[in-house]
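Everything on this sheet refers to the single structure shown next.
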Protein chains: 2
Amino acid sequence: MKRGSFQAMKRLNKSLILNKILNDGPISRAEIAKDIKLTPPTVGTIVKELIEQQIVKESAQGESKGGRKPTLLVVDHEAFYVIGIDAGPRDVTIVLTNLQADMIDTAKTDVPVGISKEAYLQLLIEETDGLINRNASYMDQLIGIGVAMHGVVDAERGVGLYAPNLNLRDIPVKDVLTGHFDLVVQVENDARALALAETWFGEGKGINNLLAVNIGSGVGAGVVIDDELYRGKAHIAGEIGHMTIDLHGDVCTCGNRGCLQTIVSGEAIQKRAEQAIKAGADTLLTHQSPTAYDLYQAAEQGDAFSQHLLTETAEAIGVGLTNVIHTINPDRVLLNGGVMKASKYLLPEIQRTVASRALTAQAKDTPILVSKLGDNASALGAVALILVELFKRNGEIDV
Amino acid sequence: MKRGSFQAMKRLNKSLILNKILNDGPISRAEIAKDIKLTPPTVGTIVKELIEQQIVKESAQGESKGGRKPTLLVVDHEAFYVIGIDAGPRDVTIVLTNLQADMIDTAKTDVPVGISKEAYLQLLIEETDGLINRNASYMDQLIGIGVAMHGVVDAERGVGLYAPNLNLRDIPVKDVLTGHFDLVVQVENDARALALAETWFGEGKGINNLLAVNIGSGVGAGVVIDDELYRGKAHIAGEIGHMTIDLHGDVCTCGNRGCLQTIVSGEAIQKRAEQAIKAGADTLLTHQSPTAYDLYQAAEQGDAFSQHLLTETAEAIGVGLTNVIHTINPDRVLLNGGVMKASKYLLPEIQRTVASRALTAQAKDTPILVSKLGDNASALGAVALILVELFKRNGEIDV
DNA sequence: TAAAATAATTCACTATCTAAATTATCATTT
DNA sequence: AAATGATAATTTAGATAGTGAATTATTTTA
């Protein structure tokens, strides 16, 4: 219950101005004032503070519109640096970026099978230390470490509650990392980090209510509502992989039947193809257990079996998305993950399925796009976790 | 993009104080100050304004805690009156209540089959006029009319976009009613109004993220996120009746197969029972087409057929709820509607199903309750639509 | 070169909060 | 019954941060 106070009022205005510069910069003080409906003096004094904090700087002069040239303001993207860690079950990717996610350096390492909780945390620390040592010159401007973590995560406490593919529980990521690095550390579930990456750097920019779905070895989604990640009481909002869409379908790892994952996850696709091939399906495929990408390639060669399997997959994805659209009705849906490497075949069928099944014209028209962020998307989401802190706290992050 | 200003700051504090009195009253100025962390003078001046606006009044003196007795403040529930309309496809219910939803008077009328848009609106006006004329003494304190409307509703414009069971589209409810009554009019979808009724008067009080499901002739839900109704871009958030849970199930009115509705709606239950009875099921039931309540009564007599049918229904509801819990992870789920008249048999099975299917311990524990609001719940939700306006606008509604 | 326009800053003013002091009222102790 | 110590509410003075109008700094255009 946040009361109104002078501090709060100023914080809000400062936040509005900073984010205006971030999103619409280069921009003049005068234009900021006009857009946010604050008076020029108010904008002036707040901008002065932001410049003192080094997060904003004056750039070139703008074009005159018949009077004095405006002094344009931009966020100084080189003022601070951020580390983002994609802490997956198979490998760990670490990136060092500036404030607009330009990659300075990156490191990637495999995770040994059956690793213990302590060893996993040690691995994160060592790899991060390595990256830090290689880039010592940036380190006094390093403001935080974001972690995108596989599994169910309590973002508030920074704890990995359950990481199924590592078979680990209650991993105190935040405590351990802050203890070692003495920096701001934010931890989040990888699907949600991905959604955040989209809103900061991808196709989710400016979308207030977003569903970002990751279809890989599992299926998960990040839900953005009113420009903020929505987590839910038990931190499981967006766990759509275990949505039941076929009451009498195959048994899932979770014990239920007909989860979305049992049809559309990377593993499910491989398994379904494998079974069909064993049963003697007529196909050009040479792999015994082809991935979605293999299917895509074969489909390109005209393989009807692969085309059919991808269509089937797309329809199931479409059914799942329609269910979510009817529940939270997002402004846009973004698709990501390894399976979407077959997006050329999947996307049109997904769109067609949603258009055919959704209830109203507007719902049928829900834009469904494939992410353009590429491989480091989760790590970039981890970076974005820190950017949220920085820009929400008006640049007043502890360095 | 709301900037910080003195006005906004004061509005916020006024809102906090008013809602504190509403929720925790009778309460003294001193305690308000302590709870909201505002200083006594600030609270004092704002309370003075609220008293001038008549929405708050001083009630009795409280108990002394060793000093001067506190003057307790309460919302004056008799200061204003509200009309709530439940505009359904079969009948229209209208209530007149004070600010705590105490019923002053009520009216109910049937809707002729195949009614036109104009006639339906005329019916709403005439019935409301009748209620108003019967209660003329309250009318100078009447502040608004809320409408809970069957179908897809654009709450912002106050238009019924599509009312399937009336087979009407684009019903300009708000414009027509404001034109005739010159009062604040708010229109909302009935399932969402129901959710709002729960947060104001029912089991949803104080629950930040709520799912209120109505299982009647159709299935719909109201989604509350961060204490506010969530509508979604196309106004269809919460349309969970057409969630696909059985890819190869029965065909729904929407054209898809295996919608939740095809198993659990009132009509679906009757249809399923009817078919089984025709096929010679062994049952005590005398009806050819029994309702959920008939099944409940028979089940109470030990009818195994009815018990089984209810269990089947409950499991499907549980599957649907689990899907929603995995998507938006609400703090609480409330169940309402005609089918829940069999809640004695349904609820335990629903809870068991969710507990068995949900992913994590916390999710399994999601509280699922049956509404206690009774028959006028939707009309009370309509009343709540106006209360939201009143209490969000700090009592500054135009009378 | 003067006039008009736009950008940024300065100055005076105002709304609203806070802190401290004051007044009002009550229970308890002497 | 009067004094004492609490608690509640109000009054007073002061601080914060916004607004409007005026001023200064540029720049384009007539």
Side-chain angles (χ1 to χ4, degrees), chain A residues 1-18 20-21 24-52 56-74 394 396, chain B residues 1-18 20-21 24-52 56-74 394 396:
Chain A
M1 204 188 280
K2 273 186 187 165
R3 73 186 196 281
S5 64
F6 294 105
Q7 272 187 40
M9 173 166 66
K10 183 162 185 189
R11 269 185 86 83
L12 172 60
N13 285 335
K14 197 167 173 181
S15 179
L16 289 173
I17 290 171
L18 175 55
K20 187 79 190 168
I21 297 171
D24 298 348
I27 186 171
S28 69
R29 291 167 175 81
E31 202 179 338
I32 294 172
K34 199 185 285 178
D35 284 5
I36 310 191
K37 296 186 211 314
L38 286 165
T39 55
T42 302
V43 174
T45 52
I46 288 178
V47 164
K48 191 192 256 181
E49 281 183 34
L50 289 169
I51 289 174
E52 274 164 16
V56 164
K57 66 178 180 186
E58 294 186 335
S59 67
Q61 306 261 100
E63 287 296 297
S64 164
K65 290 179 214 153
R68 176 174 169 177
K69 284 183 185 167
T71 309
L72 298 181
L73 302 164
V74 292
N394 303 334
E396 280 163 25
Chain B
M1 204 187 277
K2 274 189 186 163
R3 71 186 197 280
S5 64
F6 293 106
Q7 271 187 39
M9 174 166 66
K10 183 163 183 189
R11 268 186 87 83
L12 172 60
N13 286 335
K14 197 167 174 181
S15 179
L16 289 173
I17 290 171
L18 176 55
K20 185 82 190 166
I21 297 170
D24 300 346
I27 186 172
S28 70
R29 291 167 176 81
E31 202 179 338
I32 294 171
K34 199 185 283 178
D35 286 5
I36 309 193
K37 296 188 210 316
L38 286 166
T39 55
T42 302
V43 174
T45 52
I46 288 177
V47 164
K48 191 191 257 182
E49 282 183 32
L50 290 168
I51 288 174
E52 274 164 15
V56 165
K57 66 177 180 186
E58 294 186 336
S59 67
Q61 306 262 98
E63 285 298 296
S64 163
K65 291 179 214 155
R68 174 173 170 179
K69 284 181 185 166
T71 309
L72 299 181
L73 302 164
V74 292
N394 304 331
E396 279 164 25

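Chain letters run A, B, ... following the sequence lines, proteins first and then strands; every chain starts at 1. On a predicted model such as this, the values are computed, not experimentally measured, just so you know.
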Practice item. Please report the closest heavy-atom contact between B/T42 and B/L38, naming both atoms and the distance. Key: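 That closest heavy-atom pairing would be CG2-CD2, 4.1 Å.
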
**Study point:** Exercise: identify the closest heavy-atom pair between A/K14 and A/L50
**Key:** CE-CD2, 3.7 Å

In whole angstrom, give the distance that lies between atom [atom1] of [X] and atom [atom2] of [N].
X: A/I17; N: C/dA8; atom1: CD1; atom2: P; result: 13 Å
X: A/F6; N: D/dT19; atom1: CZ; atom2: P; result: 13 Å
X: A/K10; N: C/dC17; atom1: NZ; atom2: P; result: 18 Å
X: A/Q61; N: D/dA25; atom1: CD; atom2: P; result: 15 Å
X: A/N394; N: D/dA17; atom1: CG; atom2: C1'; result: 15 Å
X: A/M9; N: D/dA15; atom1: CE; atom2: P; result: 17 Å
X: B/E49; N: C/dT16; atom1: CD; atom2: P; result: 8 Å
X: A/I46; N: C/dA8; atom1: CD1; atom2: P; result: 15 Å

Check your understanding: Under 4.0 Å between a side-chain N or O of A/N13 and OP1 or OP2 of D/dA17?
Key ->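 For D/dA17, OP1/OP2 do not have a side-chain N/O of A/N13 under 4.0 Å.
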
Review point. Within less than 4.0 Å of OP1 or OP2 of C/dT16, is there a side-chain N or O belonging to A/R3?
Key: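 It does not, given that no N or O in the side chain of A/R3 lies less than 4.0 Å from OP1 or OP2 of C/dT16.
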
Check your understanding: Within the distance-only criterion (no hydrogens, no angle test), does the side chain of B/N394 pair as donor or acceptor with the backbone N or O of B/L18 below 3.5 angstrom?
Key ->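 A pair under 3.5 Å: no.
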
**Study point:** Under 4.0 Å protein heavy-atom contact, by nucleotide of nucleotides 7-12 of chain D - B base, S sugar-phosphate only
**Key:** BBSBB-

Exercise for review: Find out whether A/K20 and A/L16 are in side-chain contact, i.e. whether some heavy atom of one side chain is under 4.5 Å from a heavy atom of the other.
Suggested key: no

Review point. Considering heavy-atom distances to DNA chain D, does A/S64 or A/K37 have its closest nucleotide positioned more toward the 5' end?
Key: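 Result: A/K37.
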
Review point. NA contact type, B/S5, heavy-atom cut-off 4.0 Å: base, sugar-phosphate, or nothing?
Key: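 Nothing, no nucleic acid heavy atom in range.
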
Exercise for review: With side chain to side chain contact (heavy atoms under 4.5 Å, CB included) as the test, would you mind laying out the steps for B/R3 and A/L12 before giving the verdict?
Suggested key: CA-CA 7 Å; B/R3 71 186 197 280; A/L12 172 60; 5.9 Å; no

Check your understanding: Out of B/V47, B/L73, B/I27, which one pairs with B/I17 under the side-chain contact (heavy atoms from CB on, under 4.5 Å) rule?
Key -> B/V47

Review point. Do other residues, nucleotides or ligands put more than 12 heavy atoms under 6.0 Å from the CD atom of A/Q61?
Key: yes

Revision key, fill the gap. Side-chain atoms of A/T42 come closest, of D/dA17, C/dA19, D/dT19, to D/dT19

